[in-house]
Amino acid sequence: GMIGTFFFNRAASMSVSLQKADNGQILDFDLEELTTLVRFNYALNPYLTISLGYTDKDSNIDYFDHKEPSLGIYFSPIEF
């Protein structure tokens with residue numbers, strides 16, 4: 001889900017997603033994963049948005065567990 005508001009007169013939003021996957025088998029073991037993603041977006045101006053996020057993938061096989069932060073910079077097209 002996603003929620004948005006204005007912060008210091010600029011668009012801000014937060015999104016959270018959950019994804020469950022049954023990814024078949026590896027060496028005769030069932031592989032099940034739950035991925036959680038949290039992301040914050042903030043518009044610095046009408047043409048530039050920054051995004052900070054964090055992903056946590058929890059697998060029933062520890063080797064496939066994964067956690068990572070993310071940083072995004074998004075540019076909107078400028079028309080002349």
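It should be emphasised that the depicted structure is a prediction, and the values quoted were computed from it without experimental measurement.
Clustering of Ile, Leu, Val, Met, Phe, Trp and Tyr side chains at separations under 4.5 Å leaves Y74 isolated, with no partner residue.
Scanning for salt bridge (Lys or Arg N to Asp or Glu O under 4.0 Å) contacts around K67 gives D56, with sequence neighbours left out. Shown here are the side-chain contact (heavy atoms from CB on, under 4.5 Å) partners of N9, two or more places apart in sequence or in another chain: there are none. Evaluation of the side-chain contact (heavy atoms from CB on, under 4.5 Å) rule for F8 yields Y42 as partners, not counting sequence neighbours.
Counting non-hydrogen atoms of other residues, nucleotides and ligands closer than 6.0 Å to CZ of F7 gives a total of 12 or fewer. Heavy-atom contacts from other residues, nucleotides or ligands closer than 6.0 Å to OH of Y47 number 12 or fewer. Within a 6.0 Å radius of CG in L18, other residues, nucleotides and ligands contribute more than 12 heavy atoms.
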Pairs under 3.5 angstrom only: tabulate donor-acceptor contacts from the side chains of residues 26-41 to other protein residues two or more places apart or in another chain.
from	atom 1	to	atom 2	distance (Å)
D30	OD1	Q25	NE2	3.0
E33	OE1	N23	ND2	2.8
R39	NE	S51	OG	3.4
N41	OD1	S51	OG	2.9

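Between I73 and F75 there is a side-chain heavy-atom pair separated by less than 4.5 Å.
In the hydrophobic cluster analysis, where Ile, Leu, Val, Met, Phe, Trp and Tyr join through side-chain heavy atoms closer than 4.5 angstrom, V16 is grouped apart from M2.
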Take T49 and L44, measure what side-chain contact (heavy atoms from CB on, under 4.5 Å) needs, and give me the verdict at the end. CA-CA 6 Å; T49 300; L44 295 175; over 6 Å; no
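Here CG of L48 is found 10.0 Å from CZ of R10. Values are rounded to the nearest 0.5 Å.
For S76 against P46, the heavy-atom pair with the smallest separation is OG-O, 3.6 Å.
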